[in-house]
Amino acid sequence: MADSLRAEIAKLGGAVKTLKKEGKAGSDECKDSILKLGELRAALQELLKEEGDSDSHLDVPDKDILNNLLTRRMFVVPSFAIYNGVAGLYDFGPPACALKANFLNRWRQHFVLEENMLEIESTNLTPYAVLKTSGHVDKFSDLMMKDTGDGTCYRADKLLEEVIDNLLKDEMLPEKTREEYRHIRAQADAYTCEEIGDLLKNRFKVKAPATGNELSDPFPFNLMFGTQIGPSGNLQGYLRPETAQGIFVNFPKLLTYNGGQMPFACAQIGTGFRNEIAPRGGLLRVREFCMAEIEHFVHPEKKEHPRFPAVADDVLPLFPKSNQIGDGKVQQLSVGEAVKAGTINNETLGYFIARVARFLESVGILKTHLRFRQHLDTEMAHYASDCWDAEIYTSYGWVECVGIADRACFDLEQHAKATNTLMTANENFKTPVKMDFGVASFNKKAMGMAFKKAAKQLYKDIDEALQNVEFARDLEAKLEADGKAAFKSCNGEFELTRAMLSIKISSKNVSTRKYTPSVVEPSFGVGRILYAIFEHSYYARGDKRQVMRFKPAIAPVKCAVCPLTNGDAKLNAVVDDIARALRRRNVSFKVDSTGASIGKRYSRMDEIGR
């Protein structure tokens with residue numbers, strides 16, 4: 001339907017051009033054709049909205065007007081402005097500090113208190129060994145390209161996304177080409193250096209945006225800030241890129257504190273640091289930012305959640321990976337249906353996705369401007385089971401603000417292996433139970449030749465996996481039928497052959513067994529969410545006065561006290577009484593006793609979200 005409309009528009013547009021060339025621009029035929037052309041274009045735009053192929057129906061404020069208000073009323077200002085500032089660093093002024101404090105208090109109430117979570121605070125400085133083990137030293141990087149003339153740096157995936165976004169604005173783009181471009185955009189941050197370089201330099205002929213100069217080939221740039229810990233300079237460290245590792249390394253102590261009970265969750269609010277290549281978009285891409293993260297530890301084979309029925313009927317806007325590389329449409333689907341269909345991997349992951357949606361709406365995110373996008377296979381780490389991002393629509397487009405990931409057992413296993421520390425929990429049975437399990441007989445010569453140094457850990461991974469008897473039977477059946485089978489663990493993917501091992505099923509009575517917990521992690525970018533709240537709370541009244549309509553729970557100022565006259569001792573005493581009463585009740589307020597008109601003072605309060 002859309003393509004037929006595009007064809008009709010192209011045909012009629014050509015006819016109008018011909019009429020103008022022939023000097024008939026003022027003719028009734030040309031006027032009627034132009035009118036018809038406008039109707040067809042409007043019909044195409046409406047069709048694209050209905051098909052979910054356009055976000056133009058989502059209202060957002062003018063970012064320049066909003067940013068002017070945020071700076072003028074000192075919500076957010078560039079850091080060190082009198083020294084010309086530093087890109088990617090911002091200071092929060094009084095209203096934003098209060099808003100952020102209220103936001104984090106609401107976050108604690110919604111998650112930490114309601115879910116009975118533990119909470120810790122770990123250090124910003126992190127030793128090299130920790131981040132080497134977690135993979136950040138080797139893999140925490142973005143692909144960068146440089147202007148060959150002036151050396152300006154650009155993120156390759158962002159350049160590609162911008163090119164595709166501009167191409168997709170063309171309503172006349174054929175549907176087949178549009179679908180191809182959407183597919184390319186969806187994988188922008190998953191391409192190799194060679195692949196994204198070929199797309200940018202050869203296919204789309206991209207030049208440096210600021211100068212038009214040629215761009216260098218893409219290359220990886222590690223995003224962590226390095227430092228030396230201690231005066232000797234012998235201990236290398238980094239400012240942490242995430243708060244999660246502080247929770248993982250404390251897992252044994254947290255489990256003990258929790259009385260050995262599983263599952264349990266631990267939360268942490270803190271600062272993260274990333275040396276962004278080209279920070280821009282205000283609070284959306286910065287080099288120092290507040291994070292709020294949860295690590296929910298759960299049995300890898302028991303990811304049901306006791307409170308899942310309470311959210312199963314919540315209908316959410318889901319953007320599964322199949323749709324991203326297909327029709328590009330968002331589905332309205334209940335969490336229960338999504339888990340049952342396998343769209344969302346498990347109940348615990350689905351539960352947190354629903355809880356995140358409820359939280360975001362409670363702090364002022366518009367439901368119409370929220371969606372949950374599933375990671376493509378090319379985006380996910382090899383160890384992850386499933387990952388979703390809560391994306392919020394702003395004047396900058398769709399922005400990832402919360403990641404909800406099933407990280408499996410990778411983090412705990414990596415730290416256990418690096419430090420020889422037990423990172424396991426116990427599953428206890430009231431009475432001994434007979435358990436079947438697989439026992440592998442390894443051909444260590446064949447395994448050693450094939451996997452070299454990785455073989456030693458692989459034996460352990462296989463032995464642990466074979467404790468699941470169904471997995472053991474399936475693996476043996478594949479080896480018997482095909483002579484080979486793929487084996488995936490938190491340490492990588494391997495192809496096993498019949499010559500390497502055989503598996504037999506055995507049984508024993510056990511009263512307890514150890515397991516490495518899986519981790520489901522909701523991770524919140526606080527600054528990004530706050531910026532989205534700014535946009536979704538902003539509106540201009542008919543008289544053009546600007547208003548920040550924050551939710552009461554997070555509003556920085558709950559009440560304004562504006563005496564009608566100044567210098568009146570009796571009235572001032574009343575103002576003081578009101579102020580004392582508000583303080584006693586912990587109600588934030590602001591007294592404006594300046595000589596401005598009452599209307600002007602009301603307007604000032606509206607601008608800071610009273």
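A distance-only check finds no donor-acceptor pair linking the side chain of R240 to the backbone of G272 [under 3.5 Å]. Side chain of D386 to backbone of N345: a donor-acceptor contact under 3.5 angstrom is found. Between the R274 side chain and the P241 main chain, a donor and an acceptor come within less than 3.5 Å of each other. A donor-acceptor pair under 3.5 Å is absent between the side-chain atoms of E607 and the main chain of R72, judged by distance alone. With H110 contributing its side chain and L360 its backbone, the two residues share no donor-acceptor pair below 3.5 Å.
At least one test fails for R373 against the ring of W398: distance under 6.0 Å to the centre or angle within 45° of the axis. Geometrically, R549 engages Y539 in a cation-pi contact, judged by NZ or CZ lying under 6.0 Å from the ring centre and within 45° of the ring axis. Note that K100 lies in the cation-pi zone of F92, set by a 6.0 Å cut-off to the ring centre and a 45° limit from the axis. In this structure, K488 is not positioned above the aromatic face of F494 in the sense of NZ or CZ being under 6.0 Å from the six-membered ring centre and within 45° of the axis.
Ionic pairing of E161 and K158 is present here: one or more N-O contacts between side-chain nitrogen and carboxylate oxygen are shorter than 4.0 angstrom. Taking a cutoff of 4.0 Å between a charged side-chain nitrogen and a carboxylate oxygen, D198 and R203 do not qualify as a salt bridge. Ion pair R108/E119 flagged as a salt bridge, since at least one NZ, NE, NH1 or NH2 atom sits closer than 4.0 Å to an Asp/Glu carboxylate oxygen. Between R407 and D411 a salt bridge is recorded (basic side-chain N to carboxylate O distance below 4.0 Å). At a threshold of 4.0 Å, the pair R355-E115 counts as salt-bridged, since one of the basic side-chain nitrogens sits closer than that to a carboxylate oxygen. Checked for salt-bridge contact, D406 and K303 meet the test: a charged N lies under 4.0 Å from a carboxylate O.
F111 has its ring centre no less than 6.0 Å from the ring centre of F352. The aromatic ring centres of F225 and Y238 sit 6.0 Å or more apart. Aromatic rings of W107 and F103 (six-membered ring for Trp) have centroids beyond the 6.0 Å cut-off, not under it.
Heavy atoms only, all atoms of each residue included: V112 and A267 are closest at CG2-CB, 3.8 Å. Summarising the geometry of Q546 relative to L69, their closest heavy-atom pair is OE1-CD1, 4.0 Å, with the distance given to 0.1 Å.
Using a 4.5 Å heavy-atom cutoff, the side chains of R155 and R280 are not in contact.
For the atom pair NZ of K417 and CG of D461, the computed distance is 7.0 Å after rounding to the nearest 0.5 Å. Taken from SG in C290 to CZ in F524, the straight-line distance is 12.0 Å, to the nearest 0.5 Å. Taking CD of E162 as the reference point, atom CZ of R185 lies at 9.0 Å (rounded to 0.5 Å). Here the straight-line distance linking atom CD of E295 with atom CD1 of I120 works out to 9.5 Å at 0.5 Å rounding.
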